[in-house]
Amino acid sequence: MHTATADAPALAQLATLLADTTRARICLALLDGRAWTAGELARTAGVAPSTASDHLSRLVEGGLLVQERQGRHRYLRLADPGVAQLIEDLAGRVSAPAPPARSLRAARAGAALAYARTCYDHLAGRLGVLVHDALLRGGLLDRAGGLALTPAGIAWCADLGLPVAQLRSARRPLLRDCLDWTERRPHLSGALGAALCDRLFELGWLARGAGRAVRLTPAGGPALAAALDLASDDLAPPAAPDTGGGRA
């Protein structure tokens with residue numbers, strides 16, 4: 001009981017860091033895995049630079065962000081993959097519906113983000129969930145004793161050029177479920193999830209879109225479908241949204 005009592009103030013302090021709309025916007029923006037300048041984060045959060053500076057300092061002091069300075073610029077990023085997992089898990093438990101898009105451009109951007117995006121350093125969105133489910137369905141992952149690679153999964157990783165033995169020695173877990181905040185189902189994270197995402201970019205199967213959004217390339221769609229024993233249509237993004245002729 002003593003340990004639980006001792007941890008309560010620290011837990012409350014951590015929760016307080018995220019119990020602010022500006023700080024929440026900053027953390028969500030940093031889920032793209034990049035380092036942002038303080039000015040970029042201020043514009044994204046919609047606050048003055050001086051206001052953002054105070055929030056950023058609190059997030060750094062609280063251990064959620066780390067910073068480095070290069071010349072006049074102050075760069076910030078999420079402290080580690082565990083923080084990214086925490087932010088995405090919390091976002092996945094938000095029940096309030098997203099506000100309606102105000103333009104066709106905004107609707108398309110929202111649809112692209114929901115279909116495929118990076119969650120810090122791994123693949124998320126509908127595409128991330130499809131990959132996760134296909135690996136389980138194909139017997140490449142197994143849940144019998146906790147999420148694990150099967151012998152077939154190890155062979156699959158080798159064929160794709162993923163160094164499983166090296167990844168097992170990483171400081172983070174090899175495999176983890178990460179609750180997807182748009183799909184409300186898990187996608188794959190951990191060292192293997194990050195390595196798989198990087199490999200898909202290296203192979204040219206994925207390409208960056210706007211912000212955190214990513215997309216399957218014309219060659220990547222069929223290639224990934226074949227690797228996962230799926231039909232190409234299974235990975236197709238949904239039809240472009242129609243806002244009834246609104247301005248783009």
Side-chain angles (χ1 to χ4, degrees), residues 10 13-92 94 98-99 101-103 105-106 108-110 112-125 128 170-172 178 180-182 187 189-191 193-202 204 206-215 217:
Q13 184 175 12
L14 176 62
T16 299
L17 282 174
L18 295 172
D20 177 271
T21 301
T22 297
R23 292 195 290 274
R25 285 175 178 156
I26 288 170
C27 289
L28 287 170
L30 290 171
L31 276 177
D32 70 352
R34 297 185 300 120
W36 292 47
T37 66
E40 289 171 335
L41 290 170
R43 289 190 292 274
T44 295
V47 297
S50 57
T51 301
S53 181
D54 177 63
H55 287 297
L56 292 170
S57 294
R58 292 188 63 180
L59 289 167
V60 170
E61 291 166 5
L64 294 181
L65 305 186
V66 292
Q67 67 177 341
E68 60 181 74
R69 292 187 179 273
Q70 292 186 8
R72 296 180 303 163
H73 294 293
R74 178 189 185 193
Y75 287 89
L76 299 107
R77 57 181 172 81
L78 295 180
D80 54 53
V83 173
Q85 179 102 30
L86 172 65
I87 302 300
E88 185 81 2
D89 282 351
L90 288 173
V94 175
R102 296 182 178 180
S103 67
R105 179 177 297 171
R108 286 175 173 166
L113 198 67
Y115 172 68
R117 63 183 181 277
T118 51
C119 173
Y120 189 61
D121 58 3
H122 55 272
L123 184 61
R171 296 178 59 184
R172 62 195 293 192
C178 183
D180 196 279
W181 65 267
T182 51
H187 57 246
S189 67
L196 175 59
C197 187
D198 285 344
R199 185 61 177 149
L200 295 180
F201 281 116
E202 289 173 2
L206 286 182
R208 298 280 180 182
R212 292 170 58 198
V214 301
R215 59 180 175 80
T217 63

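Computation of the quantities below employed the complete heavy-atom set of this structure, encompassing side-chain atoms and omitting hydrogens, waters and symmetry-equivalent molecules.
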d(Thr21 OG1, His55 NE2) to nearest 0.5 Å is 9.0 Å

Which residues pass the side-chain contact (heavy atoms from CB on, under 4.5 Å) test with Cys27, sequence neighbours left out?
Leu18, Leu59, Ile87

Quick check against the 3.5 Å criterion: does Arg23 have a side-chain atom that pairs as donor or acceptor with the backbone of Thr16?
yes

Are Arg171 and Asp80 within salt-bridge range, i.e. N to O under 4.0 Å?
no

Okay, side chain of Ser57, backbone of Ser53: is any donor-acceptor separation there less than 3.5 Å?
yes

Could you tell me which residues satisfy side-chain hydrogen bond (donor to acceptor under 3.5 Å, both in side chains) with Arg208, sequence neighbours excluded, listed by chain and number?
none

Over all heavy atoms of both residues, which pair between Arg212 and Leu113 is shortest? Give the atoms and the distance, please.
CB-CD1, 3.8 Å

How long is the straight-line distance from OG of Ser189 back to CG of Leu123, given to the nearest 0.5 Å?
11.5 Å

Closest heavy-atom contact between Leu30 and Leu76?
CD2-O, 3.5 Å

Residues Leu78 and Val66: closest non-hydrogen pair is O-CG2, 4.1 Å

Which atoms form the tightest heavy-atom contact between Leu17 and Gly62, and what is the distance?
CD1-CA, 3.6 Å

Derivation and outcome, side-chain contact (heavy atoms from CB on, under 4.5 Å), residues Arg117 and Thr182
CA-CA 11 Å; Arg117 63 183 181 277; Thr182 51; 3.1 Å; yes

For a quick test of reading the model, state the closest non-hydrogen atom pair linking Arg77 to Ala35 and the distance between them.
CB-CA, 4.0 Å

Which pairs of donor and acceptor atoms, one on a side chain in residues 195-202, lie under 3.5 Å apart (sequence neighbours left out)?
{"unit_1": "Arg199", "atom_1": "NE", "unit_2": "Leu160", "atom_2": "O", "d": "2.7"}
{"unit_1": "Arg199", "atom_1": "NH1", "unit_2": "Glu202", "atom_2": "OE1", "d": "3.2"}

When rounded to the nearest 0.5 angstrom, what is the spacing between CG in Leu86 and SG in Cys178?
10.0 Å

On a heavy-atom basis, which atom in Thr44 and which in Ala29 lie closest, and how many Å separate them?
CG2-CB, 3.9 Å

With sequence neighbours left out, the residues meeting side-chain contact (heavy atoms from CB on, under 4.5 Å) with Ala194 are Asp121, Arg172

Atom CZ of Arg69 and atom CZ of Arg74: how far apart are they, to the nearest 0.5 Å?
5.5 Å

Does Ile26 reach the side chain of Leu65, with side-chain heavy atoms less than 4.5 Å apart?
yes

OG1 of Thr37 to OH of Tyr75: how many Å apart, nearest 0.5 Å?
6.5 Å

Tell me which pairs pass salt bridge (Lys or Arg N to Asp or Glu O under 4.0 Å) where either residue lies in residues 24-49, with sequence neighbours left out.
Asp32-Arg34

So, taking the atom named CH2 in Trp181 and the one named CG in Leu28, what distance separates them when rounded to the nearest 0.5 Å?
8.0 Å

Give a yes or no on whether the backbone of Gly125 and the side-chain of Asp180 come within a donor-acceptor separation of less than 3.5 Å.
yes

Who pairs with Glu61 by salt bridge (charged side-chain N to carboxylate O under 4.0 Å, His left out), at least two apart in sequence or on another chain?
none

